[in-house]
Number of protein chains: 4
Amino acid sequence: MTRQPRKRPRQARSRATVETLLEATTRVLVDHGFEKTTTNRVAEVAGVSVGSLYQYFPNKEALIGALVEVHFTRMRALFASTLAAVADGPLPLAARALIEAVMAGHREHPDLHRVVLEQLPRLGIQAERDGFDAFAVPLIASYIERRRADLRPADAHLAAWVLMRTLQPLVHAAVLRGPEFFADPAFIDEATALVVGYLAPVGEI
Amino acid sequence: MTRQPRKRPRQARSRATVETLLEATTRVLVDHGFEKTTTNRVAEVAGVSVGSLYQYFPNKEALIGALVEVHFTRMRALFASTLAAVADGPLPLAARALIEAVMAGHREHPDLHRVVLEQLPRLGIQAERDGFDAFAVPLIASYIERRRADLRPADAHLAAWVLMRTLQPLVHAAVLRGPEFFADPAFIDEATALVVGYLAPVGEI
Amino acid sequence: MTRQPRKRPRQARSRATVETLLEATTRVLVDHGFEKTTTNRVAEVAGVSVGSLYQYFPNKEALIGALVEVHFTRMRALFASTLAAVADGPLPLAARALIEAVMAGHREHPDLHRVVLEQLPRLGIQAERDGFDAFAVPLIASYIERRRADLRPADAHLAAWVLMRTLQPLVHAAVLRGPEFFADPAFIDEATALVVGYLAPVGEI
Amino acid sequence: MTRQPRKRPRQARSRATVETLLEATTRVLVDHGFEKTTTNRVAEVAGVSVGSLYQYFPNKEALIGALVEVHFTRMRALFASTLAAVADGPLPLAARALIEAVMAGHREHPDLHRVVLEQLPRLGIQAERDGFDAFAVPLIASYIERRRADLRPADAHLAAWVLMRTLQPLVHAAVLRGPEFFADPAFIDEATALVVGYLAPVGEI
DNA sequence: GATGAATGAGACTTCATTCAT
DNA sequence: CATGAATGAAGTCTCATTCAT
């Protein structure tokens with residue numbers, strides 16, 4: 001029911017336990033899949049008793065939820081800092097940089113990411129609102145807004161949403177196709193062309 | 001394990017049973033969600049015994065799988081016939097027609113489709129690729145190939161894949177946002193712009 | 001409940017069906033083991049509908065029971081005729097002949113025999129009374145009785161029972177050890193020594 | 001699949017639970033037979049939840065297997081100590097002592113033993129060999145070896161195997177015939193005669 | 001007589017969660 | 001705070017048997 005951690009760990013030991021539990025959850029999720037991820041198994045892998053798990057997470061949902069939150073927190077930071085760095089440069093460079101940043105973010109733990117993304121609907125989380133979109137779409141929208149003169153879209157927010165809902169799955173699909181495909185520069189060229197062609201189809205910039 | 005129907009119904013009676021079971025699955029899935037969709041409940045709603053369910057579907061997965069298959073079969077037919085009809089016209093019209101066709105395909109049973117789309121990952125990532133991409137990507141690739149002179153992409157197959165992995169999630173996201181958003185013509189405009197901008201950014205056609 | 005065939009097949013076709021069903025039962029039993037022997041599978045292998053199976057056998061027990069009965073009928077005939085042939089010769093030859101006869105009887109379908117013997121307790125059949133012992137023990141007892149002067153045992157019936165309960169499992173164990181062991185003449189020598197040593201330990205005959 | 005206990009009980013409480021479960025299994029097996037012995041019924045009789053049962057036994061087979069193992073462990077100890085005690089005395093006394101020991105081992109819980117013996121084939125033919133033969137045959141073989149001068153058999157190992165595969169079923173058959181027969185001293189006389197006649201038919205010892 | 005679809009009780013097993021120690 | 005034994009509702013699936021066609 002609740003999806004907040006039952007209590008904020010104040011002591012160092014508690015924080016360590018929580019950390020260990022999240023890592024164990026990751027491993028079990030990646031190794032065995034969601035269906036076989038039981039709280040008992042997670043506790044065992046974490047080297048902790050089930051009771052302790054329930055000390056920090058009121059239920060299974062909260063456990064997975066915390067993991068998802070970690071993922072999104074990392075991605076938000078990555079995205080925001082990259083955008084800030086390239087916001088004033090030419091569009092093609094900015095697009096390419098953002099795409100590469102997101103791909104880099106997934107390259108680290110592709111298995112975990114797949115499993116996390118697959119579980120979003122099940123957690124009743126509106127990925128769009130609670131996850132990443134709610135954070136990234138406004139950023140992109142204001143970027144488009146600022147450059148409105150050079151870009152095609154009339155509705156900056158809608159365009160930002162379209163880009164998000166387009167690029168994210170594209171990157172995920174690329175991740176899932178495996179590292180050989182992933183490393184192919186042709187793919188990044190095409191993704192960049194998609195963004196640029198959508199925002200500035202006449203090639204003004 | 002298996003996801004094939006256990007046996008083909010031969011008599012009229014059993015064909016009706018299979019039909020009833022699929023309808024019941026749809027209803028239970030829509031009303032209660034995947035987690036609460038049990039074989040017993042489906043059988044009960046279908047007014048049939050569990051045993052009969054297992055006569056035709058070796059397990060729960062096969063039941064959902066059959067539903068997904070029905071969905072994909074319809075979509076493939078819809079996609080192929082629409083593409084055939086617009087393949088010789090101007091690109092923007094073709095793009096718009098295809099997008100509208102796919103959206104129309106989802107408009108019929110939006111609840112069912114939402115639930116089917118949410119279950120795809122669980123049925124194996126292959127589902128999407130095998131179900132639709134393997135069918136649609138070659139069609140699009142040959143379309144691009146034929147018009148290679150007018151279009152930007154060098155690698156027709158890669159471009160077709162990018163479009164598939166881009167548009168499909170975009171449409172799905174739109175479906176999941178609900179009917180109000182779905183009805184907005186601005187969304188179709190933007191999706192069309194995405195395709196056109198990607199394939200012919202300088203607007204030759 | 002009942003263990004009698006539901007009705008005696010009078011027509012040729014019926015007799016053929018019963019025959020086919022028994023053969024199918026044998027094959028399924030040997031190939032899949034008792035646990036996986038279902039009436040539906042037997043009917044399928046027999047190329048007959050389950051309904052037809054129940055036309056001739058009131059329940060599963062009766063089906064297996066009929067098979068067991070066939071086995072015992074063959075063995076009884078084999079045993080009786082062999083004993084009749086050697087009853088008047090020297091004990092060691094008689095013993096050896098009987099042992100070899102029983103072994104020959106098992107050599108034909110060792111898998112079937114194993115499975116039949118394993119199922120005896122489950123069928124609630126007192127192997128000793130209904131199966132083979134009730135038939136063979138009196139025969140052996142009367143053999144001992146007739147030669148009482150030359151043999152050790154005081155209680156012919158008890159001795160016959162001991163021999164039965166001794167040799168039968170010994171032969172079965174030999175069958176289960178496989179054909180290499182089975183073919184070893186040393187084994188038959190030992191089994192013969194067992195019988196002779198028991199009946200006439202001082203070697204008078 | 002597995003027939004090993006799922007986890008070793010560490011606390012006193014859990015050891016008690018395992019004990020209770022085995023006793024309950026015994027009772028249910030004796031009262032209702034194998035077919036009607038369900039894990040739920042066993043748990044209920046044990047006054048424990050099914051979950052607890054599955055905490056210690058991965059499946060029904062393992063439960064029965066544990067019972068059988070207890071039986072064999074007792075029998076092995078009984079057999080080894082008896083043989084050690086009589087190994088240096090005269091053969092007839094040794095034979096009689098061993099037979100009586102094994103019978104005494106069965107006399108304690110005849111119902112349980114009957115049911116265990118009936119289930120052996122179902123648990124895999126290996127059970128007998130692994131459970132007892134692999135242990136007892138070498139012991140008997142070395143006994144024969146040591147007295148090779150006084151005994152008939154040339155191949156000590158073969159003779160030991162023949163004796164095992166002969167006496168064990170004989171005792172079991174006696175157990176299954178019920179206590180009246182069991183108590184008859186004439187039976188033990190005959191069994192002893194069987195062993196002595198086989199090993200030393202000329203009666204030297 | 002034959003067919004085979006349908007039945008449904010009941011078997012085995014899992015796992016999130018609690019609570020005595 | 002930690003432990004881990006215990007819980008038990010609930011889920012998936014099987015199969016002997018029946019009966020309408």
Side-chain angles (χ1 to χ4, degrees), chain A residues 7 9 11 13-14 17 35-44 48-63, chain B residues 6-7 9-18 35-44 47-61 63, chain C residues 7 9 11 13-14 17 35-44 48-63, chain D residues 6-7 9-18 35-44 47-61 63:
Chain A
K7 65 187 179 191
Q11 305 177 359
R13 188 159 52 128
S14 305
T17 303
E35 227 71 27
K36 303 273 181 178
T37 297
T38 69
T39 50
N40 279 289
R41 204 194 290 251
V42 166
E44 190 189 4
V48 161
S49 72
V50 225
S52 293
L53 187 157
Y54 278 89
Q55 204 82 44
Y56 296 108
F57 299 96
N59 51 45
K60 194 186 173 182
E61 226 184 357
L63 189 64
Chain B
R6 180 169 275 184
K7 85 187 190 192
R10 291 196 190 140
Q11 302 183 358
R13 186 165 43 137
S14 53
R15 262 197 306 275
T17 302
V18 168
E35 224 71 30
K36 302 278 180 182
T37 297
T38 70
T39 49
N40 279 296
R41 204 193 293 252
V42 167
E44 191 188 4
V48 156
S49 77
V50 227
S52 292
L53 188 158
Y54 279 93
Q55 197 122 111
Y56 299 106
F57 301 96
N59 52 47
K60 194 184 165 180
E61 256 183 337
L63 195 60
Chain C
K7 66 187 183 192
Q11 305 176 2
R13 188 158 52 127
S14 305
T17 302
E35 226 70 29
K36 303 273 181 178
T37 297
T38 69
T39 50
N40 279 290
R41 204 193 291 252
V42 166
E44 191 190 5
V48 161
S49 73
V50 226
S52 293
L53 187 156
Y54 278 89
Q55 203 83 43
Y56 296 107
F57 299 96
N59 50 46
K60 193 184 173 183
E61 228 184 355
L63 189 63
Chain D
R6 180 168 276 182
K7 84 191 193 190
R10 289 193 191 142
Q11 302 183 358
R13 186 165 43 138
S14 53
R15 263 196 305 275
T17 301
V18 168
E35 224 71 30
K36 302 279 182 184
T37 297
T38 70
T39 50
N40 279 294
R41 204 191 295 250
V42 167
E44 191 188 6
V48 156
S49 76
V50 226
S52 293
L53 186 159
Y54 279 92
Q55 195 120 115
Y56 300 106
F57 302 96
N59 50 48
K60 193 184 166 180
E61 259 182 334
L63 195 60

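Just so you know, these numbers come straight off a predicted model, no measurement behind them. Just so it is clear: chains get the letters A, B, ... in the order the sequence lines come, proteins before strands, and each one is counted from 1.
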The answer to which of B/Asn40 and C/Thr17 contacts DNA chain E further toward the 5' end, by nearest nucleotide, is C/Thr17
Interatomic distance where CG belongs to D/Leu53 and C1' belongs to F/dA5 [whole Å]: 14 Å
To the nearest angstrom, the CD-P distance between A/Gln55 and E/dC19 comes to 14 Å
Within the structure, does a side-chain N or O atom of B/Tyr56 lie under 4.0 Å from either OP1 or OP2 of E/dA6? yes
Spacing between D/Phe57 atom CZ and E/dT14 atom P, to the nearest angstrom: 15 Å
Dot-bracket for DNA chain F, please, read 5' to 3', with Watson-Crick or G-U wobble pairs under 3.5 Å on both distances, ( ) within the strand, [ ] crossing, | other strand, . unpaired. .||||||||||||||||||||
Given E/dT7, is OP1 or OP2 found less than 4.0 Å from the side-chain N or O atoms of B/Ser49? yes
In whole angstrom, give me the gap between the P atoms of F/dT21 and E/dG1. 22 Å
Exercise: identify the closest heavy-atom pair between A/Lys36 and A/Arg41: O-NE, 3.2 Å
Rounded to the nearest 0.5 Å, how far apart are CD of C/Glu44 and OG1 of C/Thr38? 8.5 Å
Taking OP1 and OP2 of E/dC15, is either one under 4.0 Å from a side-chain nitrogen or oxygen of A/Thr39? no
Calculate the interatomic distance between B/Asn59 atom CG and F/dT12 atom C1'; express it in whole Å. 9 Å
Between C1' of E/dA16 and CD of A/Glu35, the distance in whole Å: 14 Å
Among C/Thr17, C/Asn40, C/Val42, find the one that has a side-chain contact (heavy atoms from CB on, under 4.5 Å) with C/Leu53. C/Val42
On a heavy-atom basis, which atom in D/Tyr54 and which in D/Asn59 lie closest, and how many Å separate them? CE2-CA, 4.0 Å
Rounding to a whole Å, what distance do you find between D/Leu63:CG and E/dT13:P? 10 Å
Measure from CZ on D/Arg15 to P on F/dG4 and round the result to the nearest Å. 14 Å
Can you tell me if the side-chain N/O atoms of C/Ser14 get under 4.0 Å from OP1 or OP2 in E/dG1? no
Heavy-atom pair of closest approach, residues B/Phe57 and B/Leu63: CD1-CD1, 3.5 Å
At 4.0 Å (heavy atoms only), tell me whether B/Thr38 reaches a base, stays on the sugar-phosphate, or touches nothing. sugar-phosphate
Could you check C/Thr37 against D/Gly51 and say which one's nearest nucleotide on DNA chain F is further toward the 5' end? D/Gly51
Starting from C1' on F/dG4, measure out to OH on D/Tyr54 and report it in whole angstrom. 21 Å
Quick check: on DNA chain F, is the nucleotide nearest B/Lys36 upstream (toward 5') of the one nearest D/Gly47, or the reverse? Name the residue that is more 5'. D/Gly47
Which nucleotide wins on minimum distance to the side chain of B/Val50, given the candidates F/dT17, F/dC13, F/dA9? F/dC13
Note: B/Tyr56 and B/Ser52 closest approach over all heavy atoms is CD1-O, 3.3 Å
Think B/Ser52 has a side-chain N or O under 4.0 angstrom from the OP1 or OP2 of E/dT7? yes
